[in-house]
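Before any comments, here is the structure.
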Amino acid sequence: MAKSVEPATDLPPYRYTAELANSIEEKWIERWEERRTYFTPNPVGEISEPNGELAKRPPYYVLDMFPYPSGSGLHVGHPLGYIGSDIYARYKRMDGFNVLHAMGYDAFGLPAERYAVDSGRHPDVTTRQNIANMRAQLRRIGLGHDPRRGVSTIDPEYYRWTQWIFLQIFDSWYDADRQRARPIAELVEELDAGARPWPPGSAANGRSWSALSERERRRAIDSARLAYLAEVTVNWCPALGTVLANEEVTADGRSEQGNFPVFRRPLRQWMMRITAYADRLADDLEGLEWPESLKLMQRNWIGRSFGVQLDFSVKADTEVAMPVFTTRPDTLFGVTFLAVAPEHPLLAGGLPASWTDDIPASWRGEASVPDAPDGGFASPAEAVAAYKHLTERRSDRQREGDEGPSGVFTGLWAEHPLSKEKVPVFVADYVLMQYGSGAVMGVPAHDSRDFAFARALGVPVEMVVQPPVEWLSEQGLASDAGVERWSDAYTGQGTSVGSGRDTDGLPSEEAGRAFADQLERLGLGEHQISYRLRDWLFSRQRYWGEPFPIVYDEEGDPVALPESELPVLLPELSDFSPKVSDDELAEPEPPLARLSDWVETELDLGEGKQRYRRETNTMPQWAGSCWYYLRYLDPTNSDAMVDPEVERYWMKHQGEPGGVNLYVGGVEHAVLHLLYARFWHKVLHDLGHVSSPEPFQRLFNQGYVQAAAYTDERGFYVEASEVEERDGSCFHRGQPVERSYGKMGKSLKNGISPDEIIAGYGADALRLYEMFLGPLDQDRPWETQGIAGVVRFLQRVWRYVVDEQTGEARVVDAPPPVGLRRALHRTIASVRRDIESLRLNTAIASLMEFSNELRAELGDEPPAREIAEALVRALAPFAPHLCEELWERLGHTDSVVYAPYPESDPDLAALDQVKIAVQVNGKLRAVLEVPAGAERDELEAAARAEEKVAELLAGAKLSKTIVVPGRIVNFVLDGKG
RNA sequence: GCCGGAGUGGCGGAAUUGGCAUACGCGAUCGACUCAAAAUCGAUUGCCCUUACGGGCUUGUGGGUUCGAAUCCCACCUCCGGCACCA
């Protein structure tokens, strides 16, 4: 809580109070702006001046994650990462680098649109106002950003290039042989020349390329593009008038926002072929300086698994080969059934008209379809239709939430490729159409899901991997217990059994290899890699986003607009809300579709004037944030996304992968944003538009600020600032409330505004305290009272340098005591080390320690200029306003922002005296103070000479003496150790 | 369920490679200044036993390796995060 300090009459006139801090801070923020202190020059182009000589320095790019301009103002948790990156950027700037550091705004998207709808104003108005508010709040924290580079995604001059990048992706295809994207024109050339029979990903169906009509060829090529249209199943929420991401749908199939029903339906949408890059996205993580945990999250998200795809032949209308994917070919002889996803194409063909008599009721749907007749459905076709109808209406989330496995028998039988036995084919919703081939081989003995399914429907279980005895005993089973007594599948490796072949008795891995080889020889299977990653759904039925630079011709096929048509401006629209409905079958209607004058257009795209319809979906919020770090490089360039020379200057580093040197942001973007941005960057790299293969070389995740939050008896959060504490209990308006801790923010009603803290203590104190609370990558609880410690520290630094009575600098131009100088150099060494690895809490602790030594050494005496100036420079990245003021009072006319960061002289930083612990039997008995270079013999002799040690050694038998120079002496007496 | 990460004073946290556990700060207690309070300055502050001298214990729990473990190994407990029918 900010205290309102009485204007204390008896304080010295130049005491560093909140008032003084605030006036210093405001003064310097204005001067920095006037002097363009943070303007960072490019080597060439429009913004290569002023400070042009800086561009000769080595470049360094420090980036924060693109903020979304919230309408509710900042709390002290928001700027945590920004302060950390700012300190690092300032340090690098003082250490001789040309540092690019800027802040723009990710201003399109759902939250901005919803805020506008709620406040009844146009998103363009509210968003720009929010940006202005946020800029003002951040400005006051003293972040050293180049203001010219702070782009917003909603600026037409920005989204023009977002659209341009979309066109680059649209105009590309992925060449799997060369493992990179290439212009689509090259694919057309290869096809026309006969160098390639067919576009990748589509099937020839016996026809040759040249036999196709022009329209057919065009559609085949369109489906090979990296950005393509496809009919996909989406979560459609008519009440919100939009499709939702899986994350936005609750477990019971309703919208997270508003709790409206969500339906799954197919819809023609723009997709991005990110799966083409799955291998590179996974492999290239290797060379990045990212937290290992985050790399792992990306790898899991991509979910690459190696296995075998093999064919079972199924007799439906005709004999068809049905591929299944497995990572466990060793369990092939344990297959007792197949299961296909409800959407599987096999089910579209003819199913048998009736069951054979031996089919149990559980297979006929009795166990799985709630309203099935007693004894099950009359025919496979009916059972499958009923089951599909049941599962169709459930969202993915619902499927996952269901208790038991379910499915029905299709009446079809498949032939095992090696044993030639017949196995039944089921339809089951635990099989996902989107993964593998949408069909699985059921091995109940060795897969938990197959096991549960088999038990539920009464399908046989056959063991083909002998589990180790330990597993059986853990399950409470005897070592010879049959598979019918198991309560779960054994999913580990073991000894192969039960195939009746010579692989029996081999370790199961070896048997698996043998089966895979045999399948490959027979042409019935091949090694394959599957991914969890899916292609990226890129359309939104929203107003507040980038329009696609796409129109449709009379046949409904997409046509890219030429660059000269960019930007496609987002048209003015007074009713920008999505069209909502309570009818499940209502057609999605993007707001832009209402503008028929805009949608219907006549253009000459090279074939004379023709009528076209514009694309009315918009891009998702991720689009703008996928490439902003490239626009920061060259924000005013109207000829290119970024000048290649400028791009190379900032992003290409000798002997390193290249990219942004340091990227700081929250772990919540671990997969989506960071994966999408890497994907776009790689496409741009393949097409020659950027020089580095990866966008972000070093990544750092800052933690969250947490704060006490309070819930009333109904479990609702109450405004934390209104809670009072009495006798260890908490009350809100007289009612008792319960305390918990959580991420600071609007939802827990526990936000604390930085404005409030700055008014009460100053921005430098806020900066220091946020960093001092704990390691930057860790969550930390906010307690405003703790800020007193850093305030006192800043006051002391001020008082060392400035006379509190006169305001004059009070340093002496004489050399400091040698001990103090040594302490200074030690401090500089550790502060530098700590900043480099972003351990800013311990960097500040070192500076405090030095300040304590200064006080102990000097008392009230003025410090030497050498000491004072080094301290001011060392502290400047952390407390820039205060240090700029002190620097000026010390007589400097140039800015401390570009003063060189103090260097540590290793000779001075080395300790001349060291303390050595002396132990007897591992227990500390004395501490020696000896010259730093003391040898083993000297140490041992000195240790023996200690009175207490001598006492303990007298009469005892010494079995061992450990001497580690510079560290420890340990006497081990007989009878111990 | 699977995969990660973390457990150190009343609190936030520190501790290069295994070598003085608790740096730095908050809070608390006492003192100086003050009519008083705030601010500031100074001292003390891991726990237990002891008037004292001194001694013992202590990094989630239990074991192990080592002359020596917060740090390495094994088992367990708790908390946090990610993924969740991925065949």
Side-chain angles (χ1 to χ4, degrees), chain A residues 3 5-6 8 10-12 15 17 291-294 296-301 303-305 307 324-328 331 339 396-397 399-402 405 428-432 434-443 446-450 452-453 488 491 530-534 667-668 670-671 769 772-775 778-783 785-793 795-796 799 804 830 833 839 841-849 851-852 855 860 915-928 959-964 966-973 976-977:
Chain A
K3 44 191 104 125
V5 183
E6 294 281 309
D10 52 349
L11 282 185
R15 165 67 46 92
T17 57
E292 278 307 318
S293 58
L294 199 137
L296 194 72
M297 279 164 72
Q298 290 221 342
R299 284 200 192 98
N300 289 343
W301 189 263
R304 179 165 52 182
S305 48
V324 302
F325 175 76
T326 180
T327 54
R328 292 290 303 275
T331 63
D396 274 347
R397 285 283 165 122
R399 285 195 192 185
E400 291 160 18
D402 275 350
D429 71 352
Y430 80 90
V431 184
L432 304 176
Q434 303 93 318
Y435 186 77
S437 57
V440 300
M441 54 180 225
V443 186
H446 306 294
D447 180 282
S448 304
R449 295 152 304 177
D450 297 346
F453 181 83
D488 198 1
T491 58
S530 274
Y531 304 90
R532 203 192 75 105
L533 185 69
R534 318 251 168 91
V667 72
E668 69 272 20
V671 279
Y769 185 51
F772 186 65
L773 273 171
Q778 210 168 288
D779 295 347
R780 74 272 322 265
W782 179 272
E783 293 281 357
Q785 64 172 9
I787 202 171
V790 298
V791 169
R792 280 197 269 265
F793 167 63
Q795 279 177 343
R796 274 183 211 136
R799 205 160 44 232
E804 289 191 309
S830 68
R833 210 171 36 235
R839 288 178 307 199
N841 55 329
T842 50
I844 294 168
S846 294
L847 289 165
M848 286 176 166
E849 252 176 293
S851 142
N852 292 344
R855 175 178 52 188
D860 287 335
K915 285 181 178 169
I916 304 288
V918 182
Q919 299 180 340
V920 177
N921 282 343
K923 288 206 165 138
L924 184 71
R925 295 300 174 185
V927 177
L928 298 174
S959 73
K960 205 171 192 179
T961 305
I962 313 284
V963 183
V964 183
R967 295 243 185 252
I968 206 161
V969 179
N970 190 7
F971 296 104
V972 186
L973 303 183
K976 149 100 191 169

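A note on names: the letters A, B, ... follow the listed sequences, proteins ahead of strands, and every chain is numbered from 1.
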A:Phe772 vs A:Ile787, side chain to side chain contact (heavy atoms under 4.5 Å, CB included): CA-CA, chis, key distance, verdict: CA-CA 9 Å; A:Phe772 186 65; A:Ile787 202 171; over 6 Å; no

Check every atom of [options] against the side chain of [X] and return the nucleotide holding the closest atom.
X: A:Phe772; options: B:rC85, B:rG25, B:rG82; answer: B:rG25
X: A:Arg532; options: B:rC83, B:rA87, B:rC24; answer: B:rC83
X: A:Asn852; options: B:rA21, B:rC24, B:rC67; answer: B:rC24
X: A:Leu924; options: B:rA15, B:rC20, B:rA87; answer: B:rC20
X: A:Arg967; options: B:rU16, B:rC24, B:rC85; answer: B:rU16
X: A:Arg15; options: B:rC20, B:rA39, B:rC3; answer: B:rA39
X: A:Ser293; options: B:rA23, B:rG4, B:rA14; answer: B:rG4

Is any side-chain N or O of [X] closer than 4.0 Å to OP1 or OP2 of [N]?
X: A:Lys923; N: B:rC57; result: yes
X: A:Arg780; N: B:rG13; result: no
X: A:Arg799; N: B:rU40; result: no
X: A:Ser305; N: B:rA87; result: yes
X: A:Gln778; N: B:rG13; result: yes
X: A:Asn841; N: B:rA14; result: yes
X: A:Arg792; N: B:rC26; result: yes
X: A:Lys960; N: B:rC67; result: yes
X: A:Asn970; N: B:rC20; result: no
X: A:Gln785; N: B:rG27; result: no
X: A:Arg796; N: B:rC41; result: yes

Report the base-pairing partner of [N] (Watson-Crick or G-U wobble, both distances below 3.5 angstrom), or none.
N: B:rU16; value: none
N: B:rA36; value: none
N: B:rG1; value: B:rC83
N: B:rU29; value: B:rA43
N: B:rU66; value: none
N: B:rU78; value: B:rA6

Could you go through the side chain to side chain contact (heavy atoms under 4.5 Å, CB included) check for A:Val963 and A:Val969 one step at a time? CA-CA 5 Å; A:Val963 183; A:Val969 179; 4.3 Å; yes

Taking only the [atom1] atom of each, what is the distance from [N] to [M] in whole angstrom?
N: B:rU16; M: B:rC30; atom1: P; answer: 37 Å
N: B:rG60; M: B:rA70; atom1: P; answer: 10 Å
N: B:rC83; M: B:rG68; atom1: C1'; answer: 42 Å
N: B:rG56; M: B:rC73; atom1: P; answer: 31 Å
N: B:rC57; M: B:rG63; atom1: P; answer: 15 Å
N: B:rG10; M: B:rC47; atom1: C1'; answer: 12 Å
N: B:rG62; M: B:rC77; atom1: P; answer: 15 Å
N: B:rA75; M: B:rC20; atom1: P; answer: 29 Å

Between [N] atom [atom2] and [X] atom [atom1], what is the distance in whole Å?
X: A:Leu773; N: B:rC26; atom1: CG; atom2: P; result: 12 Å
X: A:Glu804; N: B:rA39; atom1: CD; atom2: P; result: 16 Å
X: A:Asn921; N: B:rG56; atom1: CG; atom2: C1'; result: 16 Å
X: A:Arg839; N: B:rA23; atom1: CZ; atom2: P; result: 18 Å
X: A:Phe453; N: B:rA87; atom1: CZ; atom2: P; result: 18 Å
X: A:Trp782; N: B:rG25; atom1: CH2; atom2: C1'; result: 14 Å
X: A:Gln919; N: B:rC67; atom1: CD; atom2: P; result: 13 Å
X: A:Glu849; N: B:rC24; atom1: CD; atom2: C1'; result: 6 Å

Base, sugar-phosphate, or nothing for [X], non-hydrogen atoms under 4.0 angstrom?
X: A:Arg304; answer: nothing
X: A:Gln795; answer: sugar-phosphate
X: A:Arg833; answer: nothing
X: A:Ile962; answer: base

OH-CZ distance between A:Tyr769 and A:Phe793, expressed to the nearest 0.5 angstrom: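 If I round to the nearest 0.5 Å, the distance is 15.5 Å.
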
Is a side-chain donor or acceptor of [X] paired with a backbone partner of [Y] at a separation under 3.5 angstrom?
X: A:Gln795; Y: A:Thr17; answer: no
X: A:Ser530; Y: A:Ser305; answer: no
X: A:Arg780; Y: A:Gly774; answer: yes
X: A:Ser851; Y: A:Leu847; answer: no

Which heavy atom of A:Gly789 sits nearest to which heavy atom of A:Met848, and what is that distance?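 So the two residues come closest at O-CE, 4.2 Å.
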
Restricting to non-hydrogen atoms, name the atom on A:Val671 and the atom on A:Trp301 that form the minimum distance, rounded to 0.1 Å.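 Shortest heavy-atom contact: CG1-CB, 3.6 Å.
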
State, with a plain yes or no, whether a side-chain heavy atom of A:Arg304 is found less than 4.5 Å away from one of A:Leu533.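 A side-chain contact is absent here, since even the closest heavy-atom pair is not under 4.5 Å.
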
Return the 5'-most residue of the pair A:Gly303, A:Ser846 with respect to RNA chain B, ranking by each residue's nearest nucleotide.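 Its nearest nucleotide lies further toward 5', so the answer is A:Ser846.
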
Assign each of A:Gly966 and A:Gly789 to its nearest nucleotide of RNA chain B by heavy atoms, then name whichever residue's nucleotide is nearer the 5' end.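 It is A:Gly966 whose nearest nucleotide is closer to the 5' end.
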
Checking one value: the base orientation of B:rG54, syn if chi is within 90 degrees of 0, otherwise anti.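 Anti for B:rG54; the angle lies over 90° from 0.
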
